[in-house]
Amino acid sequence: MATLTRETVLDFLEKNPDLTNKRDIARGLGVKGPDRVALRQILKALEEDGLVARVGKRAFASVDTPPPTGVVAFERVDNMGDLIGRATGREGPYGPDIIFSGALGKKRNIALGVGDKALCRIDKGADGLWRAKAIKKLDNRPDASIVGVFEANRYGGRVIPASRKDKRDYVIEKADAQDAKDGDLVRIRMKSSRVHGPKRAIVTEVIGQAGDPRAASIIALHTYDVPDEFAPNIEVEAETAIAPDAPREDLTQIPLITIDPADARDHDDAVYAEAEGAGWRVIVAIADVASHVPSGSALDVEAYRRGNSTYFPDRVAPMLPETLSADKCSLKEGELRETLAVEMTFSSDGNKTGHRFIRGRMRSAAKLSYTQAQAAIDGKPDNASGPLLETVLKPLWAAYAAIGKARERRSPLELDLPERRVVISDDGKVEGVALRERFDAHKLIEEFMIQANVCAAETLEERRSPLIYRVHEEPSDEKTAALGVFLPTIGLKWAKGQSKTASRFNQLLAQARGTDNEHLVSEMVLRSQSQARYADENLSHFGLNLAKYAHFTSPIRRYSDLIVHRALIRALDLGPDGLRDEDLVRLEEQAEHLTHTERRSMAAERDASDRYLALFMADKVGAEFEGRISGVTKAGLFVRLNETGADGFCPAAHLSHEFWAYDEAHAALVGDRSGKRFEMGMSVLVRLREAAPLTGGLVFEMLSDPRPARKDLKRPERRSNRRGGPRRSSHGGRRR
């Protein structure tokens, strides 16, 4: 066996793209016995660094070498008119661009478009480009329905898709229109169609009206298949749920309070603090959802299927029926409620000195909003907060000040990006866009919840109990290398080989603060980060700079927290409703499922907000707005408006009468002849040309001039047309 190193494993995967299973890789490398552990660790490290992709549960492939036969997800059409895709695995598309070059075999006719997937034969041409011939088109949208607007005509009608990615219209024959009427929002299913000619479909469901002010959320719900309504049997289970008998500690004499957004209906957590010696005693009490949702019940299965609640500007698609989320499990003011609480003690300098978990009963002393709590601390108490100021609120803030010292020493990643919310009136109309205010009250609750989550992970590890961790891996070498190439262009540095720590990123953010590049650096640091996820193994939390972390504090809206609650109940012998044996062996599967549902919700929430913003902007076509370039691609510039946070697109073809080359390393478009540059983070003035509420798309016209050419940077090389001959410029003339 050759020495087992990262290089030997990568070399094997590149030379053997059809051998992806761990067993095949081990056999091919001659790995046996205990060396299999080392192979597993190398594969995991290569995956974390973005050098290999996971293409199956125990299968890996080089990101530079697609398999000879595999699934290709087609993502876009390039400026030459070719359909471009990438190989796709368990975690999604990976690797180099692949050009669709027709179907395999003379008699096969397979029509593919953006968003389609197909089993393909993949090979590399003499010109160095990868090409795919389709063997079979796959059922490519298991996670997303085709949703659109029905336009009736005498033959039936057509459906205009709500997705910006789908450029096709679908013909609906009269017999396939069901009861759809002109202007209805519908869900459709594809019919067999000829390769050439219109695509045909069947209406499977009428989901609303395109003219409904709340259409944006309806489209997002159905596009991403986010469950919104509960079956009658689930509602009955929720209404009849009774907490089982279990030893409980009486916490009713402790003035625990909830601090939430003013419009919150579900109250997961309550807090209390008091001085203890030179330090502090803090209690974080969490709704005991496990006591009302029996493992394996229909209610439990449905909650797991949803994974989490999804929040839209005008509604919530909850994980649990309202009977539980807003009533029986919610820590309502003055109501007796079951709780799973953690009591923590901290020294005067903020270090945690101990903790214990309590299964108890509590009665919330007050329901305060963040604004109320902050106003009271700032000297403006009202009737609700005034009586609590000295006894409850001031001790909470004092304890937070102590814990804040430890947080500063820990130095978590401090990315303070503005968050905006779409304001919807009672009748569903968009009133405007507001910046979410962030007070010390928010930070206090956030830090107390973080500490409680750490306690959950620590306790379960001490008890050797399996659990689902919330993990955030450090940025990959590839992403930090790209950041290191970019930073010198704005006078900052990231030394090669420098350790990747949250503290180092904070130094970078501090260097940029108050400069013209502050927003740009924040955006680039954010993009360099990995995406947080759930895992059944402890990979730590880079952003929070914590070695152990698990979600515990929001079981009303996150199923991951419910799993942790059940694990604690079992590990600490707090009742009969702990984690079952059969669940212990499914944690890896559950972690992956919950990561998927969380990302599905994030996409649906973003999708709905984009449509509401487009609706808000629809009567402002022709108006001018200030913004910043938030993204740069070959096709053009993404611009985020300062006032609303709305994102829109400026096509490169409309920037000027020269070809704009993409400088990926420096996140810029560079004029072919002038060398002038539109760069990431640049402040610009744009005019709104188009607003499409159906798709959420905004198109801008660039009014600002580009920055001057830079003599210290090479212009991007001119690439020849891959078909031979000179490449055409974006405005249709020949490149010189």
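Below, each value reflects all heavy atoms present in this structure, side chains not excepted, and no hydrogens, waters or symmetry copies.
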Between Asp378 and Gln374, does the side chain to side chain donor-acceptor pair (under 3.5 Å) criterion hold? Intermediate values first, please.
CA-CA 6 Å; Asp378 292 342; Gln374 189 65 53; 3.3 Å; yes
Run the side chain to side chain contact (heavy atoms under 4.5 Å, CB included) check on Phe552 and Leu340 step by step: do they pass?
CA-CA 10 Å; Phe552 159 76; Leu340 184 58; 3.9 Å; yes
Show your reasoning for whether side chain to side chain donor-acceptor pair (under 3.5 Å) applies to Ser330 and Asp266.
CA-CA 5 Å; Ser330 185; Asp266 53 341; over 6 Å; no
For a side chain to side chain contact (heavy atoms under 4.5 Å, CB included) check, start with the C-alpha distance between His292 and Ile242, then their side-chain angles and the critical distance, and finish with the verdict.
CA-CA 6 Å; His292 288 83; Ile242 300 174; over 6 Å; no
Applying salt bridge (Lys or Arg N to Asp or Glu O under 4.0 Å), run through Asp581 and Arg570 and close with a yes or a no.
CA-CA 10 Å; Asp581 291 341; Arg570 175 182 174 130; 2.9 Å; yes
As a quick check of understanding, evaluate side chain to side chain donor-acceptor pair (under 3.5 Å) for Asn538 and Glu461, giving each step before the final call.
CA-CA 10 Å; Asn538 187 8; Glu461 279 202 358; 3.2 Å; yes
Take Gln451 and Glu447, measure what side chain to side chain donor-acceptor pair (under 3.5 Å) needs, and give me the verdict at the end.
CA-CA 6 Å; Gln451 294 298 329; Glu447 188 60 28; 3.0 Å; yes
Check step by step if side chain to side chain contact (heavy atoms under 4.5 Å, CB included) holds for Val289 and His565.
CA-CA 8 Å; Val289 174; His565 276 230; 5.8 Å; no
Please walk me through it: do Leu562 and Arg558 pass side chain to side chain contact (heavy atoms under 4.5 Å, CB included)?
CA-CA 7 Å; Leu562 180 54; Arg558 292 189 306 228; over 6 Å; no
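The aromatic rings of His551 and Tyr549 sit perpendicular, their planes meeting at an angle over 60°, well past the 30° parallel limit. Ring geometry for His541 against His472 counts as tilted: the plane angle lies between 30° and 60°, on a 0 to 90° scale.
A cation-pi arrangement is present between Arg470 and Tyr534, with the terminal nitrogen or guanidinium carbon under 6.0 Å from the aromatic centre and inside a 45° cone about the axis. For the pair Arg306 and Phe230, the cation-pi criterion (under 6.0 Å, within 45° of the ring axis) is fulfilled. Because its NZ or CZ atom is not both nearer than 6.0 Å to the ring centre of Tyr224 and within 45° of the ring axis, Arg606 does not count as a cation-pi partner of that residue.
A salt bridge between Glu414 and Lys443 is absent, with no side-chain N of the basic residue lying under 4.0 Å from a carboxylate O of the acidic one. Using a 4.0 Å cut-off between charged nitrogen and carboxylate oxygen, Arg463 and Asp573 do not count as a salt-bridge pair. Between Asp260 and Lys367 no salt bridge is recorded (no basic side-chain N to carboxylate O distance below 4.0 Å). Remark: Lys405 does not engage Glu408 in a salt bridge, criterion side-chain N to carboxylate O under 4.0 Å. Look at Lys44 and Glu537 and you find a salt bridge, because one of the NZ, NE, NH1 or NH2 atoms lies within 4.0 Å of a carboxylate O, short of that distance. For Arg527 and Glu523, the salt-bridge test passes: some basic side-chain N is under 4.0 Å from an acidic carboxylate O. Salt bridge Glu338/Arg248: absent, no basic N to carboxylate O contact under 4.0 Å. With salt bridges taken as basic N to acidic carboxylate O contacts below 4.0 Å, one links Lys500 and Asp477. Ion pair Glu598/Arg533 not flagged as a salt bridge, since none of the NZ, NE, NH1 or NH2 atoms sits closer than 4.0 Å to an Asp/Glu carboxylate oxygen. Between Arg337 and Asp327 there is a salt bridge, since a side-chain N of the basic residue sits under 4.0 Å from a carboxylate O of the acidic one. Classification of Lys328 and Glu335 as a salt-bridged pair fails, no side-chain N sitting under 4.0 Å from a carboxylate O. Ion pairing of Arg640 with Asp647 is present here, as a side-chain N (NZ or NE/NH1/NH2) and a carboxylate O approach within less than 4.0 Å. Between Arg438 and Glu446, at least one side-chain N (NZ, or NE/NH1/NH2) sits under 4.0 Å from a carboxylate O, which counts as a salt bridge.
Shown here for Ser295 and Asp300, the closest heavy-atom pair between the two residues is CA-OD2, 3.5 Å. Residues Ala341 and Ala285 share a closest heavy-atom pair of CB-CA, 3.7 Å. Taking each heavy atom of Ser309 and Val316 in turn, the nearest pair found is CB-CG1, 4.3 Å. Residues Pro247 and Leu574 approach most closely at CD-O, 4.3 Å, considering heavy atoms. Here the closest heavy-atom approach between residue Ala238 and residue Leu324 is recorded as O-CD2, 3.8 Å. For the residue pair Gly543 and Ala502, the shortest heavy atom distance occurs at O-CB, 4.4 Å.
At distances below 3.5 Å, not a single donor-acceptor pair connects side-chain atoms of His267 with backbone N or O atoms of Cys329. Ser347 contributes no side-chain N or O that, together with a main-chain N or O of Gly279, makes up a donor-acceptor pair within less than 3.5 Å. A donor-acceptor contact shorter than 3.5 Å is absent between the side chain of Ser385 and the backbone of Pro381. With hydrogens and angles disregarded, no donor-acceptor distance shorter than 3.5 Å links the side chain of Arg359 to the backbone of Ala246. Side-chain atoms of Thr480 come within 3.5 Å of backbone atoms of Ser476 as a donor-acceptor pair (strictly under, hydrogens ignored). A donor-acceptor pair under 3.5 Å links the side-chain atoms of Asn545 to the main chain of Arg410, judged by distance alone. With Asp269 contributing its side chain and Ser554 its backbone, the two residues share no donor-acceptor pair below 3.5 Å. Asp583 places no side-chain N or O within donor-acceptor distance of the main-chain N or O of Leu579, the cut-off being under 3.5 Å. When atom types are taken as modelled, the side chain of Thr339 and the backbone of Ile286 share a donor-acceptor pair closer than 3.5 angstrom. Judged by distance alone, the side chain of Ser364 and the main-chain N or O of Ala366 form a donor-acceptor pair under 3.5 Å.
Side-chain atoms of His355 and Thr459 form a donor-acceptor pair, as typed in the model, at a separation below 3.5 Å. Between the side chains of Thr353 and Thr345, a donor-acceptor pair is found at a separation under 3.5 Å. Donor-acceptor pairing under 3.5 Å is lacking for the side chains of Glu302 and Tyr304.
Within 6.0 Å of the CZ atom in Arg420, the count of heavy atoms belonging to other residues, nucleotides or ligands exceeds 12. Dense packing is recorded around CD of Glu582, with more than 12 heavy atoms of other residues, nucleotides or ligands lying under 6.0 Å away.
A distance of 11.0 Å separates CG in Leu331 from CG in Leu336, rounded to the nearest 0.5 Å. Taking CD1 from Ile403 and CZ from Phe448, the interatomic distance works out to 4.5 Å, rounded to the nearest 0.5 Å. Here Asp228 contributes atom CG and Arg315 contributes atom CZ; the two are 6.0 Å apart, rounded to the nearest 0.5 Å. Interatomic distance, Leu221 CG to Ile218 CD1, rounded to the nearest 0.5 Å: 8.0 Å.
Listed by first then second residue, pairs satisfying ring pair (Phe, Tyr, Trp, His ring centres under 6.0 Å) with a partner in residues 368-411 read Tyr370-His442, not counting sequence neighbours.
Partners of Glu249 by salt bridge (charged side-chain N to carboxylate O under 4.0 Å, His left out), not counting sequence neighbours, listed by chain and number: Arg356.
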